Amino acid sequence: MPELPEVETTRRGIEPHILKLVIKAVVIRQPRLRWPVPDSLKTVLPGQRFTEVGRRGKYLLLRTRTGTLIIHLGMSGSLRLVGDNSQFCKHDHVDIVFAEGLCLRYHDPRRFGCLLWTPDDPNNHSLIASMGPEPFSDDFNGEYLYKTARNRGSSIKAFLMDSRVVAGIGNIYANEALFLSGIDPRRRAGKISRSRLQALCTAIEGVLENSIRQGGTTLRDFVNESGQPGYFQQTLSIYNKEGQPCPRCRLPIRKCRTNQRSTFYCGHCQR
DNA sequence: AGTGCGGCCTGTCCGC
DNA sequence: TGCGGACAGGCCGCAC
């Protein structure tokens, strides 16, 4: 599923190909995504071009002169570039057709994603405005995490997955980063020391960076008719590995549920 | 203000 | 083999 590294890989995969192409049409086959795909896309986008493909958390921000197309891939969404005469498949819900013979195609079996339009600065959009700092920004550091975690009673894992705390950390990378920094995911966020939160911060940046680097090998797939839509094999240490040996101590990895989500951890290495 | 949870969907897997 | 049901997942928006 598209976590932040896949979204960033998607951004890098499509940006160099679509910048400056003129949009010819928008085809909406299935508007019922998480929120309805606005019909106005059909009138507002044609004749324009994307000037920048940005990202905030897991949201892609495709800017034009008059506004921004906000895209979220949900759990199962993908974007790829195909020829404008390419046969569409099941779950190919939206096409942005360019005059130059290319088509940006949104595919999403589970329809948890969204395509929205805002004429304003997307940073002021309600979905984006309340988001915490980007994991790679200077604002995201051990001191910030420590200060924000004070007096928080929730688990550190729920805290990390709260987009108001930090942008774009989902279940998989919360599990991974907590393993890499040796923190028990069930521990109360407010009771963790400054130095351990600094280690967590470093682990988050490291694990995301590694995944993005791996994704780089799949960039060509974004303009490949037959290729997969840009997901890539993630090398995970702990997620979905219940019963398998911990990579550090070899004791079996455990699974539990915290805040309605699957949580994987090593009872020996994570405290 | 902080926290937990329901709901949106479909593909996959399991047991009968 | 077919079928139903549980489950997974991001994350908004509501309720407490």
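Values below: all heavy atoms of this structure, side chains included; hydrogens, waters and symmetry mates excluded. If you're wondering where the values come from, they're calculated on a predicted model, not measured in any experiment.
C:dG10 atom C1' lies 11 Å from atom CD1 of A:Ile172, rounded to whole Å. Between A:Asp108 atom CG and C:dC11 atom P the separation is 12 Å, expressed in whole Å. Atom pair A:Met75:CE and C:dC12:C1' shows a separation of 15 Å (rounding to whole Å applied). The CG-P distance, from A:Leu33 to C:dC11, rounds to 15 Å in whole Å. Counting to the nearest Å, the P atom of C:dC11 and the NE2 atom of A:His125 are 15 Å from each other. In this structure, CE of A:Met131 is placed 11 Å from C1' of C:dC11, rounded to the nearest angstrom. Summarising the geometry, the separation between CH2 on A:Trp35 and P on C:dC12 is reported as 6 Å, rounded to the nearest angstrom. Rounded to whole Å, atom P of C:dG10 lies 11 Å from atom CD of A:Glu6.
Taking only side-chain nitrogens and oxygens, A:Tyr59 comes nearer than 4.0 Å to OP1 or OP2 of C:dC12. The side chain of A:Ser163 places no N or O atom within less than 4.0 Å of a non-bridging phosphate oxygen (OP1 or OP2) of C:dG10.
Exactly one residue among A:Tyr59, A:Phe112, A:Trp35, A:Tyr106 makes a ring-ring contact (aromatic ring centres under 6.0 Å, His included) with A:His72. That residue is A:Tyr59.
In this structure, A:Arg152 and A:Arg32 both approach DNA chain B, and ranking their closest nucleotides by distance from the 5' end singles out A:Arg152. With DNA chain B read from its 5' end, the first of the two nearest nucleotides for A:Pro109 and A:Ser155 is the one closest to A:Ser155.
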Can you check side chain to side chain donor-acceptor pair (under 3.5 Å) on A:Asn171 and A:Lys157, steps first, answer last? CA-CA 8 Å; A:Asn171 197 32; A:Lys157 180 157 171 278; 2.8 Å; yes
A:Thr263 and A:Thr258: side chain to side chain donor-acceptor pair (under 3.5 Å), yes or no, with the steps? CA-CA 6 Å; A:Thr263 298; A:Thr258 56; 2.7 Å; yes
Begin from the C-alpha positions of A:Glu143 and A:Lys147 and carry the test salt bridge (Lys or Arg N to Asp or Glu O under 4.0 Å) through to its verdict. CA-CA 6 Å; A:Glu143 197 53 38; A:Lys147 184 181 49 136; over 6 Å; no
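Within 6.0 Å of CG in A:Asn124 there are more than 12 heavy atoms belonging to other residues, nucleotides or ligands. Counting heavy-atom neighbours within 6.0 Å of A:Arg150 CZ, excluding the residue itself, gives a total above 12.
Nucleic acid contact for A:Phe159: none, since no nucleic acid atom lies under 4.0 Å from a heavy atom of the residue. Base engagement by A:Arg164 is indicated by at least one non-hydrogen atom pair under 4.0 Å involving a base atom. Across all strands, A:Arg261 comes closer than 4.0 Å to base atoms (heavy-atom distances). At the heavy-atom level, A:Lys255 lies under 4.0 Å from the strands shown only through sugar-phosphate atoms.
In this structure, the separation between CD1 on A:Ile238 and OH on A:Tyr265 is 10.0 Å, given to the nearest 0.5 Å.
Checking A:Glu3 against A:Ser211 by side-chain atom types alone, no donor-acceptor pair falls below 3.5 Å.
Counting Ile, Leu, Val, Met, Phe, Trp and Tyr side chains that sit under 4.5 Å apart, directly or through other members, A:Phe88 stands alone, with no cluster partners.
With a heavy-atom cut-off of 4.0 Å to chain A, the contacted part of DNA chain B has its first and last nucleotide at B:dG2 to B:dG11.
Partners of A:Glu242 under the salt bridge (Lys or Arg N to Asp or Glu O under 4.0 Å) rule, at least two apart in sequence or in another chain, do not exist in this structure.
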Under 3.5 Å for both distances, Watson-Crick or G-U wobble, that's the pair rule; now give the dot-bracket for DNA chain C, with | marking pairs to another strand and [ ] for crossing ones. .|||||||||||||||
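Residues from residues 111-118 of chain A placing a heavy atom under 4.0 Å of any atom in DNA chain B, listed by number, are A:Arg111, A:Phe112.
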Ignoring hydrogens and angles, write down the donor-acceptor pairs under 3.5 Å from the side chains of residues 27-34 of chain A, residues two or more places apart or on other chains.
unit_1	atom_1	unit_2	atom_2	d
A:Arg29	NH1	A:Asp92	O	2.6
A:Arg29	NH2	A:Asp95	OD2	2.5
A:Gln30	OE1	A:Arg32	N	2.9

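Within the 4.5 Å cutoff, no side-chain heavy atoms of A:Lys24 are placed close to those of A:Phe98.
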